[in-house]
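Report on the following structure.
Letters go in sequence order (proteins before strands), and every chain restarts at 1.
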Amino acid sequence: MATKLQPVRGTHDLIGEGFRRHHRVIETARRVSALWGFEEWATPIFEDTRVFSRGLGETSDVVSKEMYSFQDRGGEGITLRPEMTAGICRALVSNGLAQSVPLKVFAAGPVFRYERPQAGRQRQFHQIDLEILGSAEPLADAEVIACGWHIQRELGISEGVTLEVNTLGDTPSREGYRSALIAYFTAHRDALSEDSQRRLEKNPLRIIDSKDAKDRALVADAPTIEAFLTDEARAHWDALRRHLDAFGVPFGENPRIVRGLDYYSHTAFEFVTDRLGAQGTVMGGGRYNGLVEEMGGPATPSVGWGAGVERLAMLLEAGGLTPLAPRLVHVIPVSAAEEEEALRVAGALREAGIATEMGHKGNLKRRMERANKAGARAAVILGESEVARGIAQLRDLDAGTQEEVALDGLAARLAR
RNA sequence: GCGGUCGUAGCUCAGGUGGUAGAGCGCCAGGUUGUGGUCUUGGAUGUCGCGGGUUCGAGUCCCGUCGAUCGCCCCA
């Protein structure tokens with residue numbers, strides 16, 4: 001035997017219960033988002049590298065050190081998508097849809113980041129994603145958040161999850177705030193953690209979000225964005241909170257939410273939980289008003305979120321909400337002589353919409369064992385005398401009871 | 001990219017101070033000639049993650065490596 005090949009670091013197979021949880025998350029999101037008028041798109045899982053380098057910001061961690069980038073055989077610079085939003089904006093422009101806005105888009109699929117794996121963090125993982133493209137109204141922000149909240153409710157996991165919202169302001173607000181933060185932290189540079197001294201150069205906003213105890217003491221007295229908001233930014237922020245109330249979505253304000261991707265402005269939010277270890281964000285996003293322009297389209301103010309399917313699935317598991325496997329009916333010929341008739345019976349049941357299995361070999365005992373192990377709900381047993389009389393033994397595998405049923409009445413009997 | 005812990009049958013795990021591997025579950029076969037789940041009898045299974053080193057001898061000690069896991073960073 002050849003040596004066993006291992007799965008690539010940070011990748012996982014989805015099988016059995018794991019697949020069912022994963023599928024439940026995506027199906028629920030698909031159904032609820034459709035209810036809210038979102039239309040599903042599927043864009044490529046790899047794009048021209050520039051889609052992400054331009055879109056997410058060259059200095060962001062995702063772009064600078066986490067992308068799976070390579071040259072294809074034609075020499076093109078290609079990147080496996082590390083998130084969904086940039087590709088969706090590119091698709092909007094490529095398909096000439098920028099003039100058909102607003103558009104409400106749902107998407108789901110794999111994304112890739114070269115990171116150190118950890119609980120709730122993989123190199124290939126899956127996201128569900130919701131975007132409203134081409135609406136500057138705070139109502140759009142609230143709608144996207146509210147729909148996300150309803151997806152979580154529908155999944156049954158909203159108990160342990162809380163919504164935190166913040167405003168990053170518009171560009172003038174943020175510029176002013178940024179300068180004030182740099183001034184403040186530079187004055188206390190030596191008291192900052194090593195990480196935060198580095199952040200001071202790269203992304204001072206992130207210091208606000210530091211977990212370091214020393215940093216937090218400083219952050220407590222740091223300026224807040226409140227004082228730097230323009231009238232417009234303040235109006236957006238006020239309206240968002242009013243609309244969330246109107247949608248009936250509970251939320252808290254958290255000025256420490258800054259988000260890692262450069263394209264956000266105004267609204268930033270996260271649904272967080274303490275049930276997943278260090279990776280507490282289960283759904284996160286915000287408003288991005290410049291991204292479509294980066295893709296070569298017209299100014300298209302937009303808002304959206306991405307959510308980790310694996311993380312949501314972990315919450316399903318923790319909540320004992322793993323979907324049950326479907327229970328089939330097993331058709332069992334007693335001997336080879338009844339095999340063809342059994343095949344016909346199985347076919348008729350499937351035709352009637354009843355999930356049916358029929359094994360490829362084995363005697364009655366063996367097939368009964370198989371049916372039991374597979375969690376079948378019933379066994380339809382066909383022997384010589386049954387076939388001769390046009391009936392089957394229908395055995396209820398839970399109750400252990402057995403009755404004779406005419407073959408032409410089987411489907412109706414099993415449907416109820 | 002940094003630090004901690006871990007890696008033995010399909011699964012969960014046991015294997016004092018080094019002497020070439022065990023349990024439970026599962027799997028296979030029988031007790032039942034046309035009936036599963038309970039019971040019972042018997043059976044198979046491992047390059048002890050991988051590579052190297054120390055040793056007469058390593059699952060057990062040392063080094064490296066791969067992977068998992070927890071935290072940092074970052075994020076979904």
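- The pair A:R30-A:E40 meets the salt-bridge criterion, with a side-chain N (NZ, NE, NH1 or NH2) lying under 4.0 Å from an Asp/Glu carboxylate O.
- Residue A:R367 is classed as having no contact, given no heavy-atom separation below 4.0 Å to the nucleic acid.
- Every residue meeting the side chain to side chain donor-acceptor pair (under 3.5 Å) condition with A:T49, not counting sequence neighbours, appears here in chain and number order: A:T79.
- Across residues 301-337 of chain A, A:G306, A:G308, A:R311, A:V334 each have a non-hydrogen atom less than 4.0 Å from an atom of RNA chain B (numbered order).
- Here A:R81 does not pair with A:E47 in a salt bridge; the nearest charged N to carboxylate O distance is not below 4.0 Å.
- Listed pair A:R116 / B:C73 fails the phosphate criterion, with no side-chain N or O lying under 4.0 Å from OP1 or OP2.
- Shown here are the side chain to side chain contact (heavy atoms under 4.5 Å, CB included) partners of A:A180, two or more places apart in sequence or in another chain: A:P223, A:F228.
- Nucleotides B:G10 and B:C66 place their P atoms 24 Å apart, quoted to the nearest Å.
- Looking at residues two or more places apart in sequence or on another chain, you find a ring pair (Phe, Tyr, Trp, His ring centres under 6.0 Å) between A:Y114 and A:Y68.
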*Base-contact (B) and sugar-phosphate-only (S) positions in nucleotides 27-32 of chain B, heavy-atom cut-off under 4.0 Å, - elsewhere*: SS----
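- Atom C1' of B:A23 sits at a distance of 27 Å from the matching atom of B:G57, rounded to the whole Å.
- A search for ring pair (Phe, Tyr, Trp, His ring centres under 6.0 Å) contacts involving A:F271 returns nothing, not counting sequence neighbours.
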